**Student:** 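Below is a structure I'd like to ask you about.
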Amino acid sequence: MAQQEVVTSSVEDSVAVIRIANPPVNALSAAVRGGLKREAEAAAANPAIRAIVIVAEGKTFIAGADITEFGKPPVPPSLPEVIAILETLAKPVVAAINGAALGGGLEVALGCHARVAAPSAKLGLPEVKLGILPGAGGTQRLPRLIGTAPAVKIAAEGNPISAKEAQSLGLVDEVAEDVVPAAKALALKLAGGTLPTPARDRANLGAREAFEEAAAALLKKNADNPSVAAVVDAVRACFEKSFEEGLAVERAHFLRLRDDPRSKALRHVFFAERAAARIPNLPKGTQPRPVAKAAVIGGGTMGGGIAMCFANAGIPVTLIETSEENLQRGLERVAGNYATSVKRGSLTEEARDKRMSLIEGKVGLENAAGADVVVEAVFEEMGLKKEIFGKLEGIAKPGAVLATNTSYLDVDEIAASTSRPGDVLGMHFFSPANVMKLLEVVRGAKTSPEVLATAMDLGRKLAKVPVVSGVCYGFIGNRMLARRTAMAERLLLEGAQPKEVDKALTDFGFRMGPFAMADLAGLDIGWRIRKATGKKAPVADALCEAGRLGQKTKRGYYDYSADGRTGAADPEVAALIERVSAEQGIARRAIPQDEILERLLYPMINEGARILEEGIALRAGDIDTVWLNGYGWPAWTGGPMFHADSVGLPKIVARLREFAAGGDESLQPAPLLVRLAEQGSSFAALDQKAA
Ligand code: CAA
């Protein structure tokens with residue numbers, strides 16, 4: 001039976017070793033919960049057993065509740081029930097934490113009498129990242145064990161801590177390389193004396209002021225996050241209520257948040273990110289090539305940032321420029337970025353020195369010879385890129401992956417300039433490359449499966465979220481962005497002001513609207529591209545012609561003359577927009593905020609549907625992953641395609657038809673969108689079918 005397979009126990013030296021084996025991460029499925037209860041009760045009843053140790057197979061201890069069970073009818077025993085059984089046993093129970101003990105996994109450990117952790121183990125309560133809060137006593141036991149101030153921080157931030165830190169906080173009793181024998185020895189030692197007080201009965205809450213101070217800082221930083229507010233409320237109950245009453249406070253928050261659509265969206269985000277790592281139909285046995293050394297061509301902002309990604313991951317990298325002067329400028333920019341991190345306290349000086357020592361600057365393409373992967377990050381100019389890839393053919397070692405960081409250009413055309421197109425693909429980083437998590441891996445028509453697997457594997461090693469895209473203008477992200485950019489301009493012509501358009505998106509949850517973003521990036525980038533491609537954006541063009549290029553000229557869509565960074569609405573811009581509207585013969589009108597939002601988002605969703613239909617994206621979830629990690633789409637709405645499902649596809653189809661009736665045929669709903677809407681289906685269902 002499944003239950004007997006995932007949790008087993010053996011008796012070793014009068015210690016019952018209860019072993020959980022539920023790959024890949026020992027999540028607390030119904031079978032695991034049932035198995036733990038069964039084995040714990042059997043050990044309690046067996047007079048030959050003096051103590052109990054809970055161990056787990058594989059790399060992790062227990063990664064928490066089984067997230068796939070959320071939203072399904074509950075199957076007993078519940079996790080709180082299992083933990084209560086462990087906690088009230090008359091024999092000592094010790095957790096042998098070999099790897100990650102997260103969420104419900106840490107809560108199981110908190111229900112034990114003591115904890116032994118491996119040096120590499122991570123302990124945490126990441127539930128807030130899923131839009132919930134710990135639901136099995138974590139907000140009550142952890143504060144009683146280590147104090148309310150550190151506990152509220154761990155549960156509200158959701159970031160795991162190291163075994164060493166856990167030991168210094170009193171969360172872990174011992175750190176040992178070999179956790180099972182160490183836990184057994186500790187369990188036997190405890191069996192010989194009085195049983196340690198379980199976490200629930202400890203009173204190590206710390207000072208109320210320290211807690212309130214920590215709580216205020218967390219609430220300020222996460223003002224709109226209902227999970228953080230719930231964590232603070234539940235931990236505060238430790239001061240005001242009994243343990244049992246505190247559990248009830250936690251439970252009420254847990255049930256409310258679990259059923260909130262925001263938590264459903266965040267669970268989708270979790271699984272979509274992981275699904276994006278899977279490439280269907282790769283030939284069996286395809287292995288990534290090893291990458292021990294990298295080269296980046298072009299020491300501009302992008303190239304320097306990409307070189308930092310390699311150095312941060314411990315991979316030596318050569319940054320290549322065409323002149324000593326450009327190279328020095330590039331290296332100085334990199335050093336400047338690291339210096340900022342050191343100043344902020346997010347990087348130690350030793351780590352900075354180590355990383356800088358992994359970046360070697362060189363002049364001349366021939367220095368790419370020793371690299372296992374070469375990333376080209378020069379100007380967006382097809383001629384230049386083809387020239388570089390042509391030359392690389394004679395320089396790069398056989399089997400080296402040749403990647404272009406192009407944002408728009410045809411990767412197949414670039415690949416055709418070498419005799420090894422199978423080694424070529426796109427690795428599209430997002431600016432700033434050392435910060436943004438998204439990596440679009442652009443698979444060309446001839447990219448070999450091995451090379452694709454190498455780029456995906458490398459992406460993860462660089463701490464990125466890699467997503468596969470097919471070749472098309474702008475790939476997944478920028479192709480959709482172009483729809484939003486065009487509509488934002490159109491809204492200005494029809495009657496909106498930049499502030500109203502930006503506000504619609506920031507109210508939805510984006511950090512910045514399109515115009516504030518354009519001012520930050522510089523309006524001349526788009527202007528140059530439009531000139532090269534013969535496209536027009538009357539308002540943006542007029543601003544550029546007036547020398548308003550964004551923050552760098554202190555004027556763009558907004559006026560930055562106050563402090564260089566804060567944009568104020570500018571009457572000159574309002575007048576310019578009105579003039580351009582008149583020139584275009586467009587009658588202006590007040591446009592309601594909800595219409596602005598729909599007109600910005602639905603055309604993007606529509607383009608997403610086309611991208612999916614054409615096979616450019618493998619899944620709707622991949623499109624969401626792109627927008628969440630590269631463009632600041634608010635995670636609690638799940639990404640554009642998940643949001644579309646939440647709104648309802650029939651509504652989106654109907655609205656797009658209304659927009660298209662205004663004369664822009666490109667706004668007609670994509671056939672896939674229409675089909676799914678008519679079938680009463682969804683993007684999620686489509687992904688599920690394909691999985
Ligand atoms: N439930 C179900 N599946 C899970 C899971 C969970 N809690 N955690 C991970 N998985 C699955 C992943 O979906 C993935 O599946 P596929 O291979 O099919 O894509 C697989 O396990 C491996 O996961 P990763 O790719 O993330 O592996 P990793 O080695 O990079 O990381 C990890 C391992 C650190 C444990 C990471 O998976 C992780 O952070 N997991 C989530 C932890 C978490 O949020 N726990 C809290 C759950 S909520 C809770 O516990 C509530 C409560 O109070 C009871």
Side-chain angles (χ1 to χ4, degrees), residues 6 20 22-33 36 56-72 74-75 77-84 97-111 120-142 154-155 157-162 227 230-231 234 247 250-259 263-264 266-280 437 456-457 459-461 463-467 618-619 621-622 625 635 687-688 691:
V6 291
I20 303 168
N22 184 27
V25 293
N26 298 320
L28 291 157
S29 62
V32 172
R33 298 193 305 272
L36 270 175
E57 297 267 320
K59 279 196 309 193
T60 56
F61 177 62
I62 302 172
D66 185 337
I67 307 169
T68 58
E69 285 184 356
F70 283 31
K72 295 183 186 160
V75 178
S78 71
L79 188 57
E81 183 188 337
V82 175
I83 294 172
I97 303 173
N98 55 313
L102 301 176
L106 181 60
E107 291 173 306
V108 167
L110 284 165
S120 60
K122 295 266 177 231
L123 299 92
L125 295 171
E127 286 87 344
V128 288
K129 302 204 170 168
L130 295 169
I132 50 176
L133 86 165
T139 66
Q140 302 306 302
R141 290 189 181 88
L142 189 63
I154 290 172
E157 288 177 347
N159 299 324
I161 58 171
S162 67
S227 296
V231 163
L247 277 187
E250 178 193 272
R251 197 75 200 150
H253 281 306
F254 180 82
L255 295 176
R256 174 179 59 84
L257 291 171
R258 188 195 59 190
D259 298 335
S263 169
K264 193 171 165 224
L266 289 166
R267 290 194 306 265
H268 160 74
V269 171
F270 178 85
F271 286 117
E273 242 176 51
R274 279 152 183 86
R278 287 194 287 271
I279 316 165
K437 291 188 77 186
M456 294 297 281
D457 184 60
R460 277 189 298 277
K461 287 191 177 129
K464 300 292 170 201
V465 177
V467 180
L618 297 169
R619 316 167 181 87
D622 286 11
T625 303
D687 276 3
Q688 234 160 31

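In listed order, ligands and their atoms are each counted from 1. These numbers come from a predicted model, not from an experiment.
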**Student:** Any nitrogen or oxygen of Glu127, side chain or backbone, less than 3.5 Å from one on ligand 1?
**Tutor:**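 The answer is yes, given that Glu127 and ligand 1 share an N or O pair closer than 3.5 Å.
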**Student:** Under a 4.5 Å cut-off applied to non-hydrogen side-chain atoms, are Val82 and Val108 in contact?
**Tutor:**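 A side-chain contact is absent here, since even the closest heavy-atom pair is not under 4.5 Å.
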**Student:** Give the residue and atom name of whichever protein heavy atom lies nearest to atom 40 (N) of ligand 1, and the separation in Å to one decimal.
**Tutor:**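 Protein heavy atom at minimum distance: Phe270 CZ, 3.6 Å.
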**Student:** Near Val25, which atoms of ligand 1 are under 4.0 Å from a heavy atom of that residue?
**Tutor:**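 With Val25 as reference, the close atoms of ligand 1 come out as 4 (C), 5 (C), 8 (N), 9 (C), 10 (N), 21 (O).
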**Student:** Is the shortest N/O to N/O distance between Gly104 and ligand 1 below 3.5 Å?
**Tutor:**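 Yes, since at least one N or O of Gly104 sits under 3.5 Å from an N or O of ligand 1.
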**Student:** So, does Ser263 use its side chain to make a donor-acceptor pair with the main chain of Asp259 at under 3.5 Å?
**Tutor:**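 Looks like no, no N/O pair under 3.5 Å.
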**Student:** If you measure every N or O of Glu107 against every N or O of ligand 1, does any of those distances drop under 3.5 Å?
**Tutor:**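 Between Glu107 and ligand 1, an N or O pair is found under 3.5 Å apart.
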**Student:** Is there a side-chain contact between Lys59 and Ser120 in this structure, where contact means two heavy atoms from C-beta onward sitting under 4.5 Å apart?
**Tutor:**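 The answer is no; the side chains never approach within 4.5 Å.
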**Student:** Between Glu69 and Arg33, does any NZ, NE, NH1 or NH2 come within less than 4.0 Å of an OD or OE carboxylate oxygen?
**Tutor:**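 Yes, charged N to carboxylate O under 4.0 Å.
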**Student:** Just to be sure I'm reading this right: ignoring hydrogens, which of Gly103, Ala63, Ser29 gets closest to atom 43 (C) of ligand 1? Compare them by their nearest heavy atoms.
**Tutor:**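 Ranked by closest heavy atom to atom 43 (C) of ligand 1, first place is Ala63.
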**Student:** Under 4.0 Å, heavy-atom basis, I'd like to know which part of Leu28 is in contact with ligand 1: side chain, backbone, both or neither.
**Tutor:**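 Looking at Leu28 and ligand 1, no heavy atom falls under 4.0 Å.
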**Student:** Could you identify the single nearest non-hydrogen protein atom to atom 29 (O) of ligand 1 and state the distance to 0.1 Å?
**Tutor:**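 For atom 29 (O) of ligand 1, the nearest protein heavy atom comes out as Lys59 NZ, 4.1 Å.
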**Student:** I'd like to know if atom 8 (N) of ligand 1 has any protein heavy atom within a distance of less than 4.0 Å.
**Tutor:**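 Yes.
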**Student:** Looking at side-chain heavy atoms only, is the closest gap between Pro466 and Arg460 below 4.5 Å?
**Tutor:**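 Of all side-chain heavy-atom pairs linking Arg460 with Pro466, at least one is under 4.5 Å.
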**Student:** Is there a nitrogen or oxygen of Ile67 sitting under 3.5 Å from a nitrogen or oxygen of ligand 1?
**Tutor:**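 N/O-N/O distance under 3.5 Å: yes.
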**Student:** Using a 4.0 Å cut-off to any heavy atom of Pro126, which atoms of ligand 1 qualify?
**Tutor:**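 With Pro126 as reference, the close atoms of ligand 1 come out as 43 (C), 44 (O), 45 (N), 46 (C).
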**Student:** Go through ligand 1 atom by atom and flag the ones less than 4.0 Å from a non-hydrogen atom of Leu79.
**Tutor:**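 Ligand 1 atoms under the 4.0 Å threshold to Leu79: 54 (C).
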**Student:** Number the atoms of ligand 1 from 1 as they appear, then name those within less than 4.0 Å of a heavy atom of Pro134, with their elements.
**Tutor:**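 Checking each atom against Pro134, I get 53 (O).
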**Student:** Look at ligand 1 and say whether Lys129 reaches it with a heavy atom at a distance under 4.0 Å.
**Tutor:**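 Not so, Lys129 does not reach ligand 1.
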**Student:** Can you confirm, on distance only, whether ligand 1 has an N/O atom lying under 3.5 Å from any N/O atom belonging to Phe254?
**Tutor:**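 No, no N or O pair falls under 3.5 Å.
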**Student:** Closer than 3.5 angstrom, by distance alone: can the side chain of Arg141 be matched with the main-chain N or O of Ala109 as a donor-acceptor pair?
**Tutor:**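 No.
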**Student:** Indicate whether atom 27 (O) of ligand 1 is within a distance of less than 4.0 angstrom of some protein heavy atom.
**Tutor:**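 Protein heavy atoms within 4.0 Å of atom 27 (O) of ligand 1 - there are none.
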**Student:** Please identify which atoms of ligand 1 are closer than 4.0 Å to at least one heavy atom of Phe271.
**Tutor:**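 The list of qualifying atoms is 13 (O).
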**Student:** So, taking the atom named CZ in Phe254 and the one named CD in Glu127, what distance separates them when rounded to the nearest 0.5 Å?
**Tutor:**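 Going from CZ on Phe254 over to CD on Glu127, the span is 7.5 Å.
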**Student:** Whether the side chain of Ser227 engages the backbone of Ile132 through a donor-acceptor N/O pair (distance < 3.5 Å, no angle test) should be reported.
**Tutor:**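 Checked: pair present.
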**Student:** Can you name the one residue among Leu142, Leu102, Leu125 that meets side chain to side chain contact (heavy atoms under 4.5 Å, CB included) with Glu107?
**Tutor:**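 It is Leu125; the other options fail the test.
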**Student:** Does Gly138 offer a backbone N or O that forms a donor-acceptor pair with the side chain of Glu250 under 3.5 Å?
**Tutor:**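 Checking the backbone N and O of Gly138 against the side chain of Glu250, a donor-acceptor pair under 3.5 Å is found.
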**Student:** Has the side chain of Glu57 got a donor or acceptor atom that lies under 3.5 Å from a matching backbone atom of Asn26?
**Tutor:**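 Checked: no pair found.
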**Student:** Please confirm whether Gly135 comes within less than 3.5 Å of ligand 1 when only nitrogen or oxygen atoms on both sides are compared.
**Tutor:**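 Yes; at least one N/O pair falls below 3.5 Å.
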**Student:** Is Ala65 close to ligand 1, meaning an N/O of one under 3.5 Å from an N/O of the other?
**Tutor:**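 Yes, at least one N or O pair falls under 3.5 Å.
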**Student:** Checking Asn98 side chain against Gly58 main chain: does a donor-acceptor pair fall under 3.5 Å?
**Tutor:**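 Yes: the side chain of Asn98 pairs with the backbone of Gly58.
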**Student:** Quick test: of every protein heavy atom, which one is nearest to atom 24 (P) of ligand 1, and how far off is it to 0.1 Å?
**Tutor:**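 I find the closest protein heavy atom is Arg274 NE, 3.6 Å.
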**Student:** Would you say that His253 contacts Val231 through its side chain, given a criterion of any heavy-atom pair below 4.5 Å between the two side chains?
**Tutor:**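 With C-beta onward as the side chain, the pair stays apart.
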**Student:** What are the atoms of ligand 1, with element, lying closer than 4.0 Å to any heavy atom of Asp66?
**Tutor:**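 The list of qualifying atoms is 1 (N), 2 (C).
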**Student:** For the residue pair Ser29 and Asn22, establish whether any side-chain heavy-atom pair is separated by less than 4.5 Å.
**Tutor:**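 When only atoms from C-beta onward are counted, Asn22 and Ser29 do touch, with a gap below 4.5 Å.
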**Student:** Checking a contact table here: which protein heavy atom is nearest atom 34 (C) of ligand 1, and how many Å away?
**Tutor:**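 Here the closest protein heavy atom is Leu102 CD1, 3.9 Å.
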**Student:** Using a distance threshold of 4.0 Å (strictly less than), state whether atom 32 (C) of ligand 1 has a protein heavy-atom neighbour.
**Tutor:**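 No, no protein heavy atom sits under 4.0 Å from atom 32 (C) of ligand 1.
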**Student:** Taking only heavy atoms of Gly64 into account, list the atoms of ligand 1 that are under 4.0 Å away from them.
**Tutor:**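 It comes down to these atoms of ligand 1: 50 (O).
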**Student:** For atom 11 (C) of ligand 1, state which one of Pro24, Gly58, Pro23, Ala275 supplies the nearest heavy atom.
**Tutor:**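 Comparing heavy atoms across Pro24, Gly58, Pro23, Ala275, the nearest one to atom 11 (C) of ligand 1 lies in Pro24.
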**Student:** Taking only heavy atoms of Arg278, which atoms of ligand 1 are found under 4.0 Å from at least one of them?
**Tutor:**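 Those qualifying, in numeric order: 16 (P), 17 (O), 18 (O), 19 (O).
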**Student:** Less than 6.0 angstrom from the centroid, inside 45 degrees of the normal: does Arg267 satisfy that with respect to the ring of Phe271?
**Tutor:**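 No.
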